[in-house]
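These notes are about the structure you will find just below.
Proteins get letters first, then strands, A, B, ... in listed order; numbering begins at 1 in each.
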Amino acid sequence: MENILNELNAGQRAAVEYCNGPQLVIAGAGSGKTRVLTYKIAYLLERGLAPWNILALTFTNKAAREMKERIGRLVGQDSAVRLQMGTFHSVFARILRVEAEHIGFSGNFTIYDQADARSLVKSIIKEMQLDDKTYKANSVADRISMAKNHLLLPAQYQTSSWARDDVQRKLPLVGQIYNRYVERCRQANAMDFDDLLVQTFVLLRNHEDIRQKYVNRFQYVLVDEYQDTNYAQQEIVLLLTREHGHVCVVGDDAQSIYSFRGANIDNILNFQKMYDGAKLFKLEQNYRSTQLIVKAANSLIRKNERQIHKDVFSENEQGERLTLKPAYSDKEEAMIVCNDIRRIRRQEGAAYSDFAILYRTNAQSRSFEEQMRKDSIPYRIYGGLSFYQRKEIKDVIAYFRVVANPDDEEALRRIINYPTRGIGDTTVGKIAATAQLHGVSLWKVIQQPIVFGLKLAGSTMTKIEAFKALVEGWRQRLDSEDAYVLGHSIIMESGISKDIYSSKNPEDLSRQENLEEFLGGMQDFVESRREEGREQETALSDFLQEVALLTDLDSDDDKDQPKVALMTIHAAKGLEFPTVFVVGLEENIFPSPMSTGSMRDLEEERRLLYVAITRAEKHCFLTCAQNRFRYGRMECDTPSRFIKDIDPSLLRVEGNGTVGGRSGASGLSGLGGYSGFGGRSGFGGNLGRNVQNPRPVATQFVADPKPRLMPLRRETPLPQSAIGDIGLKEGNVIEHQRFGIGTVVKVEGSGENTKATVAFKNAGTKQLLLKFAKYTIVG
DNA sequence: CACGTCACTGTTTTT
DNA sequence: CAGTGACGTG
């Protein structure tokens with residue numbers, strides 16, 4: 001342990017060693033925040049705390065995974081995997097599944113994503129016959145979400161200042177919509193993202209015995225990125241820690257950028273008031289960036305009023321100033337960036353993965369994508385439309401959701417007539433009205449149409465009966481078949497595969513690929529869990545749980561091929577790159593025109609730029625374009641006001657260099673094109689199957705007369721010889737079917753239950769049940 | 001009821 | 001420029 005502590009500086013070490021009470025660690029950008037958290041957890045484990053008694057809450061799944069990985073290296077995998085670590089949402093979703101009955105849900109509840117939430121709000125607005133121009137589904141949904149993040153339930157909402165605001169804004173009925181929304185979620189046995197927090201809070205607040213149970217379980221609670229927690233999250237942490245005070249929160253108020261999601265910077269500013277005797281630690285030495293980058297970032301953030309004072313400094317080399325490169329157009333902006341990438345690669349031998357292009361909005365990725373394709377620069381776009389938000393995937397998932405929880409209204413509506421089976425809007429409307437009348441889910445009405453007095457033509461009724469039978473058939477197989485087998489049948493029997501594979505529409509080819517990809521991901525999921533000895537958790541509902549909270553950012557992609565990273569600044573939080581391009585520094589983009597109203601909003605935008613700049617280790621370039629293609633037309637923009645906020649002596653402006661001719665007209669649209677599948681990733685994390693970078697859509701001239709879904713891959717039990725007598729030993733190098741090359745660290749158990757711990761080069765360390773693992777020994 | 005066409009509208013960031 | 005909703009026809 002001593003040698004571990006020696007790897008920390010004095011400030012970090014003090015933060016790690018203090019375990020006597022509430023603790024706030026203000027960690028400047030690049031100051032080793034994650035390091036402190038991981039070492040602190042390792043320290044707690046060394047001092048005898050059991051891993052399952054430690055709760056560590058992170059902001060992204062990725063952060064949790066990486067931290068687990070790092071702790072595993074410090075203290076060993078066995079104990080690292082037992083840590084309670086994950087995002088607020090995923091950890092509490094797991095708890096809520098266990099405790100669901102106490103709050104009037106059942107354990108198989110669906111998690112509504114923001115699209116589901118929006119669509120539900122939309123139908124409620126319609127049902128209430130409100131004008132959808134005044135009551136915009138989007139903004140009403142946002143308002144509801146905001147209320148939930150403030151733990152304002154419908155009952156209190158009506159009498160709160162929120163309701164009075166609504167009246168002023170001429171939207172007096174938002175409260176009623178909210179009320180109905182909550183009712184409908186309950187009927188559907190569904191929770192939205194915010195409910196995962198709200199319901200956890202309600203559970204802990206209303207059931208002292210349950211709260212005690214978790215207070216006893218989580219003897220030490222650590223929270224990462226505390227500046228981005230909202231009121232609900234703060235209160236939950238408080239409910240879990242207020243007695244023992246074993247709580248350590250880490251964050252940087254200067255990097256608080258999620259207020260649109262309810263994050264409240266006051267949580268971190270007021271932490272010491274919340275917890276008596278909370279001790280403050282500051283980490284101010286930046287190990288990431290050159291001195292000039294740190295200074296430039298400091299000069300920018302100094303313009304903000306609300307902050308905890310700190311002096312972030314770097315002892316790295318001085319480095320170069322930031323460079324601002326104005327461009328004539330968004331196209332030229334992309335060319336400039338690509339040129340610089342090539343130049344720096346040449347001059348410094350940098351890898352493509354050493355570069356990141358960061359932008360304010362996802363839509364800005366386009367011009368860069370096009371340019372990088374032209375220049376054959378490999379890239380990967382993070383975020384944006386994630387794999388399973390694609391239509392064809394959402395459809396399949398909707399089927400799964402209905403099978404796991406038929407009360408799920410949003411999913412049911414989505415699939416009841418897809419593929420078309422003669423149950424149209426009119427019919428669905430009648431079912432919905434009947435359901436509404438009796439306060440039950442659509443499925444209940446479908447199950448017992450006569451009981452609820454559903455009036456339909458005989459022929460329509462037959463179709464509904466058929467649909468019902470279909471779903472019930474699958475439901476019976478829910479417990480006996482694994483996700484892959486059942487999922488495959490659902491795709492075949494629902495008619496989805498017929499719909500997608502019978503079409504001659506060339507665009508459907510990428511839908512087919514996506515479907516294959518998805519199915520492959522399910523197979524991997526099932527196999528992975530088997531290999532990890534979690535045979536009991538391979539059902540369709542387990543798969544759904546995994547997938548519901550996964551983000552595009554979570555996919556590991558193939559790390560072997562280095563790629564330039566393209567992402568929003570929000571998505572870049574916590575990451576670092578040798579060279580960073582912060583693009584689109586223009587008024588009307590950055591700051592976002594939506595955020596120029598109040599000082600508070602504007603300060604958050606400024607923090608956002610601060611986050612962007614502090615991602616850079618060596619080079620930081622800023623770009624802005626004079627003309628930009630937006631809403632289908634060319635628009636004119638002035639440089640961002642934030643540029644003036646950076647100390648001019650730390651910023652070099654590189655002349656209006658016109659880069660190359662304005663050649664090439666409008667890009668790649670003519671040439672056969674690429675599938676939308678693009679540089680985006682396929683599946684997330686452990687579901688991981690890797691998709692190669694832009695893959696041209698196969699120009700298949702002769703269509704297979706009967707194209708169809710790949711056949712069900714039956715489990716092929718490994719030949720018995722592969723199990724016992726091969727004698728896998730520590731130090732062996734194996735090549736695993738999915739995880740690639742890895743070294744065997746440990747072998748335990750015998751016969752059937754032989755388990756190996758393998759450190760993979762690219763996939764991290766895994767424990768594999770050899771009975772199921774698919775690998776060959778290569779050394 | 002299904003499907004095609006046409007006009008409209010909205011665009012920040014995400015667990 | 002997309003993605004969505006409304007409308008008309010088969």
Is any side-chain N or O of A:N362 closer than 4.0 Å to OP1 or OP2 of B:dT14?
yes

The side chain of A:E605 lies closest to which of these nucleotides: B:dT15, B:dC3, B:dT12?
B:dT12

List in chain and number order the residues that pass side chain to side chain donor-acceptor pair (under 3.5 Å) with A:E409, two or more places apart in sequence or in another chain; answer none if no residue qualifies.
A:R184, A:R413

Does the side chain of A:D192 come under 3.5 Å of the side chain of A:Y181 through a donor N or O and an acceptor N or O?
yes

Between A:K126 and A:D132 (salt bridge meaning N to carboxylate O under 4.0 Å), is one present in this structure?
no

The criterion is ring-ring contact (aromatic ring centres under 6.0 Å, His included); which residues satisfy it with A:F368, sequence neighbours excluded?
none

Would you say A:N588 places a side-chain N or O within less than 4.0 Å of OP1 or OP2 belonging to B:dT11?
no

With sequence neighbours excluded, what pairs up with A:Y258 under the ring-ring contact (aromatic ring centres under 6.0 Å, His included) test?
A:F59, A:F260, A:H570

When the nearest nucleotide of DNA chain B is assigned to A:I257 and to A:R421 on a heavy-atom basis, which residue is associated with the more 5' position?
A:R421

Euclidean distance, atom CE of residue A:M146 to atom C1' of B:dT14 [Å, nearest integer]
12 Å

Sorted by chain and residue number, the ring-ring contact (aromatic ring centres under 6.0 Å, His included) partners of A:Y178 (sequence neighbours excluded) come out as A:Y157

Can you check the A:R65 CZ to B:dT15 P distance for me, whole Å?
12 Å

Span that lies between the P atom of C:dT4 and that of B:dT13, in whole angstrom:
16 Å

What is the nucleic acid contact for A:R607, judged by heavy atoms within less than 4.0 Å: base, sugar-phosphate only, or nothing?
nothing

Suppose the criterion is salt bridge (Lys or Arg N to Asp or Glu O under 4.0 Å): which pairs have a residue in residues 227-239 of chain A, not counting sequence neighbours?
A:D228-A:K573

Less than 4.0 angstrom from a charged side-chain N to a carboxylate O is my criterion; do A:R414 and A:D395 meet it?
yes

Watson-Crick and G-U pairing of DNA chain B written in dot-bracket, each distance under 3.5 angstrom, with | for inter-strand partners:
||||||||||.....

Could you tell me if the side chain of A:L57 sits less than 4.5 Å from the side chain of A:T87, heavy atoms only?
no

Flag this pair as yes if the NZ/CZ of A:R606 is under 6.0 angstrom from the six-membered ring centre of A:F642 and inside a 45 degree cone about the axis; otherwise no.
no

Reckon A:T361 touches a base, only the sugar-phosphate, or nothing at all at heavy-atom distances under 4.0 Å?
sugar-phosphate

How many Å lie between CG on A:L96 and C1' on B:dT15, as a whole number?
14 Å

Residues which pass side chain to side chain donor-acceptor pair (under 3.5 Å) with A:T361, listed by chain and number, not counting sequence neighbours:
A:Q364

Name the first nucleotide and the last nucleotide along DNA chain C (5' to 3') that come under 4.0 Å of a heavy atom in chain A.
C:dA2 to C:dG5

For DNA chain B, what residues of residues 117-125 of chain A have any heavy atom nearer than 4.0 Å?
none

Could you tell me how far apart A:L358 (CG) and B:dT14 (C1') are, to the nearest whole angstrom?
16 Å

Students often get this wrong, so: under 4.0 angstrom with heavy atoms, is A:F88 touching a base, only sugar-phosphate, or nothing?
nothing

Charged N to carboxylate O below 4.0 Å: is that the case for A:R401 and A:E410?
no

Report yes if a side-chain nitrogen or oxygen of A:T568 is closer than 4.0 Å to either non-bridging phosphate oxygen (OP1 or OP2) of B:dT14; otherwise report no.
yes

Could you tell me whether A:N417 contacts a base, only the sugar-phosphate backbone, or nothing, with contacts defined as non-hydrogen atoms closer than 4.0 Å?
sugar-phosphate

May A:F260 be described as stacking on the base of B:dT13, applying a 5.5 Å centroid limit and a 30° limit on plane angle?
yes

Among A:E333, A:E332, A:E635, which one satisfies salt bridge (charged side-chain N to carboxylate O under 4.0 Å, His left out) with A:R628?
A:E333

Please classify the nucleic acid contact of A:S90 as base, sugar-phosphate, or nothing, using heavy-atom distances under 4.0 Å.
nothing

Please list each protein N or O that sits under 3.5 Å from an N or O in nucleotides 8-10 of chain B, with the distance.
{"unit_1": "B:dG10", "atom_1": "OP1", "unit_2": "A:K136", "atom_2": "NZ", "d": "2.4"}

Test of understanding: with side chain to side chain donor-acceptor pair (under 3.5 Å), list the residues that count as partners of A:S595, not counting sequence neighbours.
A:E605

Which residues pass the side chain to side chain donor-acceptor pair (under 3.5 Å) test with A:S592, sequence neighbours left out?
none

Tell me the interatomic distance from A:N230, atom CG, to B:dT14, atom C1', rounded to whole angstroms.
12 Å

